[in-house]
Enquirer: 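Just dropping this structure here.
Residue numbers count from 1 along this sequence. Note that the coordinates shown come from a computational prediction; the quantities given were computed from them, not determined experimentally.
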Amino acid sequence: MKEGDALDAQIVLPSLKISGGIREALRLGEELQEQGLPTGVLSMWNSPHPMASPVPVSMLSQHRPRAARAAFELPFLMFRFARWLHGKGAQAPTALIFTHYATLPLALLVPRNQRYFFVQGVEWNFVRNRFASAALRQIVLGVYRSGRIISANAFLSTQLAAEGLKVPFEAPIWADPVFRGRVDAPRDIDFVLMLRKGAIKRLDLNRRFIELARARGLRILAITPEDEIAESMQGSVQELLVRPSAEQMRSAYERSKCFVLLSEHEGFGLPPLEAMGSGCVPICRDSGGVQAFMNDPALAGNLLPLAMPIEQVFGHATQVIADEPAWQRLSAAARHRFDAGLREGADARRQLAAALMGPGQLQPPERP
């Protein structure tokens, strides 16, 4: 597709910053395009380390996103968005798919029958302040009710339905097939962790887990998209990867026994699922979305309560790697669940593309 060609769908992102949520939104655009639906991406802000997009990208601003000035820049971005739509004229997309809550004000400038919301998480839970969280909840739910929701998994659909929202479609998120790696490679790393900013990502618990592992002489590989986190972790872990490629991440997972996820809340929690493609065993606090792929009975024991102290989480993790036959069974179960998920969801994406080609035709997802 050439720049300037007419698009039937446009995915609106806050930026192309490296993250699982952005990656999945871009992947949705790629899959819609593969189904014959011309799709593009519109980014509100620029990013110092943008993800490569498989579909055409337009940019509303060259500024980098900054939380402190976002509210001041929003009127300008809404004006630029309105001009962008007007400039498209007859070539304006028939469906605009809004993602992060920062994109929702732009949705108010689009006719209701063109508003779609790709929901990857219950976003008000990402805010730790309970008053701010309650206010954001009311705003997000109000905007969601003005359009159509595309849920990223059945767990989220249930949560949204509990809020009184209709969920006409699911576009199930799953790990990219590129993460299907070797399961028989030597495992010289005990635990791999993903270190990220944000209170709900619990960098504090990750640091404490690393301290406990170092005291026991266990080997840790850490992955982060953040330069400042990488700098602070120098010397604390055996290996550190900063913004690695998918191939580098797969190689790391092939060498690792367990992936430990300590987040407070995840809309999906993609990294441990990606690790499962190489037989790396997931150990996750029950942050919500991880239930979508840790629903294999063999893995259920590694879904740990949020209230469990980090010392007990560490103790459970060390027990997992200490029992080699049990670890082998868990590794096989992780790979089996990964493969099963790869076979799921293709029909759902085709139905979504068909629905966006003919707005108003979305049907509720079938339940087993």
Enquirer: Are V320 and L330 packed together at the side-chain level, in the sense that at least one heavy-atom pair is separated by less than 4.5 angstrom?
Expert: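 They are in contact (side-chain heavy atoms under 4.5 Å apart), so the answer is yes.
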
Enquirer: Search all heavy atoms of V55 against all heavy atoms of T39 and return the closest pair with its distance.
Expert: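 Shortest heavy-atom contact: CB-O, 3.6 Å.
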
Enquirer: Check whether any side-chain N or O of Q10 sits under 3.5 Å from a backbone N or O of V41 as a donor-acceptor pair, and report yes or no.
Expert: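 Pair found, side chain donor or acceptor close to backbone of V41.
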
Enquirer: Parallel under 30°, tilted from 30 to 60°, perpendicular over 60°: which one fits the rings of F209 and F191?
Expert: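 Taking F191 first and then F209, their aromatic rings stand perpendicular (interplane angle over 60°).
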
Enquirer: Would you name the heavy atoms of P272 and L261 that are closest together and state the gap between them?
Expert: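 Of all heavy-atom pairs spanning P272 and L261, the closest is CG-CD2, 3.9 Å.
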
Enquirer: Look at the rings of F117 and F98 and say which category their plane angle falls in: under 30° parallel, 30 to 60° tilted, over 60° perpendicular.
Expert: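 F117 vs F98 ring planes: tilted.
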
Enquirer: Set out, in order, the CA-CA distance, both residues' side-chain angles and the distance that settles side chain to side chain contact (heavy atoms under 4.5 Å, CB included) for R214 and S236, then state yes or no.
Expert: CA-CA 8 Å; R214 288 184 66 189; S236 297; 4.0 Å; yes

Enquirer: Classify the ring geometry of W174 against F268: parallel below 30°, tilted from 30° to 60°, perpendicular beyond 60°.
Expert: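 Rings of W174 and F268: perpendicular, as their planes differ by over 60°.
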
Enquirer: Let me see the working for N206 and R196 under side chain to side chain donor-acceptor pair (under 3.5 Å), right down to the final yes or no.
Expert: CA-CA 10 Å; N206 281 279; R196 294 167 292 180; over 6 Å; no

Enquirer: Give the C-alpha distance, both sets of side-chain angles, the deciding distance and a yes or no for side chain to side chain contact (heavy atoms under 4.5 Å, CB included) between L13 and I22.
Expert: CA-CA 7 Å; L13 299 173; I22 298 299; 4.1 Å; yes

Enquirer: If you group Ile, Leu, Val, Met, Phe, Trp and Tyr by side-chain heavy-atom gaps below 4.5 Å, do I200 and L306 land in one group?
Expert: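 Shared cluster, no.
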
Enquirer: List the steps and the verdict of side chain to side chain donor-acceptor pair (under 3.5 Å) for S151 and S157.
Expert: CA-CA 6 Å; S151 168; S157 297; 3.0 Å; yes

Enquirer: Can you name the closest pair of heavy atoms from R148 and P168 and give their distance?
Expert: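 Residues R148 and P168, closest heavy atoms: CB-CG, 4.3 Å.
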
Enquirer: Taking C-beta and beyond as the side chain, do N46 and S61 meet within less than 4.5 Å on heavy atoms?
Expert: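 No. Closest side-chain heavy atoms not under 4.5 Å.
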
Enquirer: For the side chain of E31 and the backbone of L28, is there at least one donor-acceptor N/O pair under 3.5 Å apart?
Expert: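 Pair absent, no side-chain N/O of E31 close to backbone of L28.
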
Enquirer: Would you say that I210 contacts M233 through its side chain, given a criterion of any heavy-atom pair below 4.5 Å between the two side chains?
Expert: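 In short, these two side chains touch, coming nearer than 4.5 Å.
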
Enquirer: Could you tell me if Q328 and E324 have a donor-acceptor pair between their side chains, going purely by distance under 3.5 Å?
Expert: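 Indeed, the side chains of E324 and Q328 share at least one donor-acceptor pair under 3.5 Å.
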
Enquirer: Give the minimum heavy-atom separation between Y116 and A95, together with the two atoms involved.
Expert: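 Smallest heavy-atom distance, with atoms named: CE1-CB, 3.6 Å.
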
Enquirer: Inspect the contact between E264 and K201 and indicate whether a charged nitrogen and a carboxylate oxygen are less than 4.0 angstrom apart.
Expert: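 Judged by the 4.0 Å cut-off on N to carboxylate O distance, K201 and E264 do not form a salt bridge.
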
Enquirer: In this structure, would M59 and I97 fall into the same cluster of hydrophobic residues linked by side-chain contacts under 4.5 Å?
Expert: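 Yes, because M59 and I97 connect within a single hydrophobic cluster, where side-chain heavy atoms sit under 4.5 Å apart.
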
Enquirer: Counting only heavy atoms not in H316 (residues, nucleotides, ligands), do more than 12 fall under 6.0 Å from its NE2?
Expert: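 Result for NE2/H316: enclosed.
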
Enquirer: Does the R115 side chain pair with the main chain of V110, one donor and one acceptor, at a distance under 3.5 Å?
Expert: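 Side chain of R115 to backbone of V110, a donor-acceptor pair under 3.5 Å: yes, one is there.
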
Enquirer: Treating Ile, Leu, Val, Met, Phe, Trp and Tyr as nodes and any side-chain heavy-atom pair under 4.5 angstrom as an edge, say whether V122 and L136 lie in one connected cluster.
Expert: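 Yes, one cluster joins them.
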
Enquirer: Quick one: closest heavy-atom pair of M44 and L77, and the distance?
Expert: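 Looking at all heavy atoms of both residues, the closest pair is O-CD2, 3.5 Å.
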
Enquirer: Please report the closest heavy-atom contact between R207 and S232, naming both atoms and the distance.
Expert: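 Shortest heavy-atom contact: NH2-OG, 3.0 Å.
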
Enquirer: Could you tell me whether a side-chain N or O of T99 sits under 3.5 Å from a main-chain N or O of F118, the two making a donor and an acceptor?
Expert: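 Between the backbone of F118 and the side chain of T99 there is no qualifying donor-acceptor contact (under 3.5 Å).
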
Enquirer: I'd like to know whether E254 forms a side chain to side chain donor-acceptor pair (under 3.5 Å) with S251, so could you lay out the CA-CA distance, the side-chain angles of the two residues, the decisive distance to 0.1 Å, and finally the verdict.
Expert: CA-CA 5 Å; E254 289 173 340; S251 177; 4.6 Å; no

Enquirer: Test your reading of the model: is there a side-chain donor-acceptor pair from T224 to the backbone of L195, 3.5 Å cut-off?
Expert: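 Pair found, side chain donor or acceptor close to backbone of L195.
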
Enquirer: Please determine whether side chain to side chain contact (heavy atoms under 4.5 Å, CB included) holds for the pair R66 and R64, giving the CA-CA distance in whole Å, both sets of side-chain angles, and the decisive distance to 0.1 Å.
Expert: CA-CA 6 Å; R66 294 284 188 275; R64 297 179 181 181; 3.5 Å; yes

Enquirer: So, E247 and R250, do they make that salt bridge, N to O below 4.0 Å?
Expert: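 Salt bridge absent between E247 and R250.
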
Enquirer: Given 3.5 Å as the limit, does a donor-acceptor pair link the side chain of S256 with the main chain of C258, or not?
Expert: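 Not a single qualifying donor-acceptor pair exists.
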
Enquirer: Would you sort out whether W45 and E73 count as a side chain to side chain donor-acceptor pair (under 3.5 Å), showing the intermediate values?
Expert: CA-CA 10 Å; W45 286 280; E73 294 184 348; 2.5 Å; yes

Enquirer: Are D190 and R219 ion-paired here, with the side-chain N under 4.0 Å from a carboxylate O?
Expert: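 No.
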
Enquirer: When you look at R208 and E311, which way does the salt bridge (charged side-chain N to carboxylate O under 4.0 Å, His left out) test go after all the steps?
Expert: CA-CA 9 Å; R208 177 57 179 155; E311 289 76 15; 3.4 Å; yes

